[in-house]
Engineer: 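The structure is given below, and queries will be raised subsequently.
So you know, we letter chains A, B, ... as the sequences are listed, proteins then strands, and number each from 1. The figures that follow rest on heavy atoms only: side chains count, while hydrogens, waters and symmetry mates do not.
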Amino acid sequence: MLKSHSCGELNKEHVGAQITLAGWVDRRRDHGGLIFIDLRDREGIVQVVFNPGISKPCHEIASEMRSEYVVRISGEVALRPPGTENPKLATGDIEVIAHNTDIINPSKTPPFYINEDIEVDENLRLQYRYLDIRRARMKENLLLRYRVVKFIRDFLDAKGFIEVETPMLIKSTPEGARDYLVPSRLHPGKFYALPQSPQQLKQLLMVAGVEKYFQIARCFRDEDLRADRQPEFTQLDLEMSFIEEEDILSLLEELFTSMVETVKPEMRLIKPFPRLTYTQTMERYGTDKPDLRFGLEIGDLSDITAQSDFSVFRSAIAGGGKVKGICAPGCATYTRHQLDELNKIVKVLGATGLTTIALGTSVGSLDDLTVEMLRSVAAKFLTLDQIKEMAGRLGAKMGDLLLIMAGKSELVDMALDELRREIGYRLKLADPKMLAFAFIWDYPLLEMNEKTERWEPMHHLFTAPKDEDVPFLDTAPERVRGKHYDMVCNGYEIAGGSIRIHTSHLQRKIFRLLGYTDEEVDERFGHLLEAFDYGAPIHGGVAPGIDRIVMLLAGEENIREVIAFPKTQSAVDLTFNAPSSVTEEQLIELHLRLRDD
RNA sequence: GGCCCCGUGGUGUAGCGGUCUAACAUGCCACCCUGUCACGGUGGAGAUCAGGGGUUCAAAUCCCCUCGGGGUCGCCA
């Protein structure tokens, strides 16, 4: 090693030691006589003193040093002179007196600050990601990510799981997300696909008798990007044999509880994790990934408003829709401008508008509410009793603001979910130190695709139906619930899993229900179905998204901040400028010709 | 594919029809400085205001298009 210690580890115990350090110049303070260098490596920062009275050559070299120069320094660890200690620095009691030094490599002036935590244009950060990762924020995020993955490996190892790698070059399956394709050189006109997840592979490992499998698995989906979605992302892929839903849920709860308590002890959890059925969460929050850090639950007002004189409400219900609302506590004083902002939020989602009812501006009992205290365009169409009943159902008090949506059920739910999160954010109800994990289960197995008028799996093709619902597969498929569960946290879907189908006849039955021909099934899933005929155990699993978990633990709002080399929203890697053109020779080898369009 | 937001010295921001020959902070360069730690002091260099077109007597500022970035709907079994 070219260094004997790391900068950050030095303390009073090292006083008197002769050491060698190597790292980057974080800052230089040149006093003409004395020069101070803050030397940085991965572990931290230490002050080095260049005193011409101790070494003239060292002092001359130090005067050439600039930010981000890579330097090596040999010298002695010394206590700082009394009064010059720096309590802001972990190594602030000591300093290194340089006896020998050399510049290993100079550096151009960096395009942005390495030593300051200020916002920098993300394009620049990504283009110079290797400099960005030198900065504290990315360094800490990557360290946290490593600790999370390390914790997972240790935890599952102790539980008897083994990690098995599965191929990255597999077979394209048109269902689900769009595949990333890899052309085959040896097989003209044929393609591999990168895995969307190792789903079928891990099921085959269960048939193979592995019993407890996991993998920190890279997954690829060629879909549009979001703050929480990258084209390649990392899942903890996990599968177990001879289990039921409860086994996975309790394993997840123990894993994530102990993980947070180990890697982020300052964050708070709700224990045990709440469990909501799909129906419950949709009714109460309008989404299957609710932020449970705060209440503001949705109330269904359809029965109250069905007979009202307000045509917006009446016609929505007559058209098969719903009238639902939430209460924004203390927001009765919202200005026209603030109400417009809320209106805009729902309009962007495609809703025609939002009905607001401000319940007075003073504190007091709802019983004292009078028509004069109301502020709402809908007030003249509604009776005072109707408004009181609505307010009561939404848990409103005087001084609150009712936000009411009318229309198609899905749109109403989506808009109220959005409004709920907006109000939660504005009123600072979402504690940033809280991780509100929860399980959502009892999902419908299937949903009807309105366009194609075909049943589609809500989760995926291999989810087992609840035993008691199996008879409905033939008579009322919409009533069949799947053995599927999601884990959510703070409004994000963190994991999805299920107990799988483990017999070929039930799996074939599902395929038929989804409209596949026998030929299609054999071509695409023959390998899996045949495997089921060789003694497949009851099995199931789950796949938590590592990027999202680390994002939440790090307090970040997008997963690019916890990925070393992420892609932009247009799926471009700015560090390498990928994707890029390839040579004609490469195309010829792959039997490809580019289309003009 | 739709909608919304952003683009000003290296970096971060201000300026939002004329006083902009573009301001401030920091960084950079030079000189001074032996106890600083976001060192300090003096001086200096550094910007086709993303690109193109238009409106106007006059555009960083208003309008249109393009490019790039971000957020989101659709999409993501």
Engineer: Return a single string for nucleotides 28-37 of chain B, one symbol per nucleotide in 5' to 3' order, where B is base contact, S is sugar-phosphate-only contact and - is none, cutoff 4.0 angstrom on heavy atoms.
Structural biologist: SSS--BBBBB
Engineer: Residues in ring pair (Phe, Tyr, Trp, His ring centres under 6.0 Å) with A/Y278, at least two apart?
Structural biologist: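 Ring pair (Phe, Tyr, Trp, His ring centres under 6.0 Å) check on A/Y278 returns A/Y443.
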Engineer: Treating primed atoms plus P, OP1 and OP2 as sugar-phosphate and everything else as base, which nucleotides of nucleotides 66-73 of chain B get B, S or - for protein heavy atoms under 4.0 Å?
Structural biologist: --SSBBBB
Engineer: Which whole number of Å gives the distance between the C1' atom of B/G46 and that of B/U8?
Structural biologist: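 So the two C1' atoms sit 14 Å from each other.
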Engineer: For A/K108 and B/G27, what is the distance between atoms NZ and C1' respectively, to the nearest whole Å?
Structural biologist: 16 Å
Engineer: For A/K466, give me all partners under salt bridge (charged side-chain N to carboxylate O under 4.0 Å, His left out), at least two apart in sequence or on another chain.
Structural biologist: A/E245, A/D442
Engineer: Is any side-chain N of the basic residue among A/R125 and A/E561 closer than 4.0 Å to the acidic one's carboxylate O?
Structural biologist: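 A salt bridge is present here (some side-chain N lies under 4.0 Å from a carboxylate O).
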Engineer: Rounded to the nearest angstrom, tell me the gap between atom CD in A/E119 and atom C1' in B/U26.
Structural biologist: 16 Å
Engineer: Hey, does the side chain of A/T287 reach the backbone of A/K289 with a donor-acceptor pair shorter than 3.5 angstrom?
Structural biologist: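 Present.
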Engineer: Using atom C1' of each nucleotide, how far apart are B/A38 and B/G12 to the nearest Å?
Structural biologist: 15 Å
Engineer: If pairing requires Watson-Crick or G-U wobble contacts with both distances under 3.5 Å, which nucleotide is the partner of B/C24?
Structural biologist: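 Pair assignment: B/C24 / B/G12.
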Engineer: Partner lookup for B/G68, please. Criteria are Watson-Crick or G-U wobble with both distances under 3.5 angstrom; report none if nothing qualifies.
Structural biologist: B/C6
Engineer: When you measure from the centre of the six-membered ring of A/F472, is the NZ or CZ of A/R479 under 6.0 Å away and within 45° of the axis?
Structural biologist: yes
Engineer: Please collect all side-chain hydrogen bond (donor to acceptor under 3.5 Å, both in side chains) contacts where either partner lies in residues 64-76 of chain A, sequence neighbours excluded, each pair once.
Structural biologist: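 Passing the test, one end in residues 64-76 of chain A: A/Q18-A/E76, A/T20-A/S74, A/R40-A/E68, A/E68-A/R134, A/R72-A/D102.
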Engineer: What is the distance from CD1 of A/I114 to P of B/G10, rounded to the nearest Å?
Structural biologist: 17 Å
Engineer: For A/Y180, which residues count as a ring pair (Phe, Tyr, Trp, His ring centres under 6.0 Å) partner, sequence neighbours excluded?
Structural biologist: none
Engineer: For the pair made of CD in A/E232 and C1' in B/C76, what is the distance, rounded to whole Å?
Structural biologist: 16 Å
Engineer: So what's B/G35 paired with, Watson-Crick or G-U wobble, going by both distances under 3.5 Å?
Structural biologist: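 Paired with no nucleotide.
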Engineer: Rounded to whole angstrom, note down the P distance from B/G69 over to B/C75.
Structural biologist: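 About 24 Å, rounded to a whole number of Å.
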Engineer: Taking the P atom in each of B/C76 and B/G68, what is the distance between them to the nearest angstrom?
Structural biologist: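 25 Å, rounded to whole Å.
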Engineer: In whole angstrom, give me the gap between the C1' atoms of B/A60 and B/A50.
Structural biologist: 12 Å
Engineer: Roughly how many Å is it from CG in A/N449 to P in B/G74, rounded to a whole number?
Structural biologist: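 Checked: the CG to P distance equals 14 Å.
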Engineer: P atom, B/G44 versus B/A23: distance in rounded Å?
Structural biologist: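 Approximately 14 Å lies between the P atom of B/G44 and that of B/A23.
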Engineer: If each of A/P111 and A/Q199 is mapped to the nucleotide of RNA chain B with the nearest heavy atom, which maps nearer the 5' terminus, i.e. the 5' end?
Structural biologist: A/P111
Engineer: On a whole-Å scale, what distance lies between the C1' atoms belonging to B/A58 and B/G40?
Structural biologist: 45 Å
Engineer: I need the A/K139 NZ to A/I133 CD1 distance, nearest 0.5 Å.
Structural biologist: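 The distance works out to 11.5 Å.
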Engineer: Roughly how many Å is it from CG in A/D117 to P in B/A38, rounded to a whole number?
Structural biologist: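 Atom CG in A/D117 sits about 15 Å away from atom P in B/A38.
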Engineer: When the distance from CD of A/E116 to P of B/G12 is rounded to whole Å, what number comes out?
Structural biologist: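 Distance check: A/E116 CD to B/G12 P gives 12 Å.
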Engineer: Just jot down the ring pair (Phe, Tyr, Trp, His ring centres under 6.0 Å) partners of A/H5, sequence neighbours excluded, or say none.
Structural biologist: A/H14
Engineer: Report the residues that fulfil side chain to side chain contact (heavy atoms under 4.5 Å, CB included) with A/H337, sequence neighbours left out, ordered by chain and then residue number.
Structural biologist: A/T335, A/E341
Engineer: With heavy atoms under 4.0 Å as the rule, sort A/L124 into base, sugar-phosphate or nothing.
Structural biologist: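 Counting heavy atoms under 4.0 Å across all strands, the contact made by A/L124 is with sugar-phosphate only.
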Engineer: I'd like the P distance from B/G15 over to B/U61, given in whole Å.
Structural biologist: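 About 15 Å, rounded to a whole number of Å.
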Engineer: To the nearest Å, how far apart are A/K347 NZ and B/C5 C1'?
Structural biologist: 19 Å
Engineer: Does anything in residues 30-66 of chain A pair up under ring pair (Phe, Tyr, Trp, His ring centres under 6.0 Å), and if so which pairs, sequence neighbours excluded?
Structural biologist: A/H31-A/F36
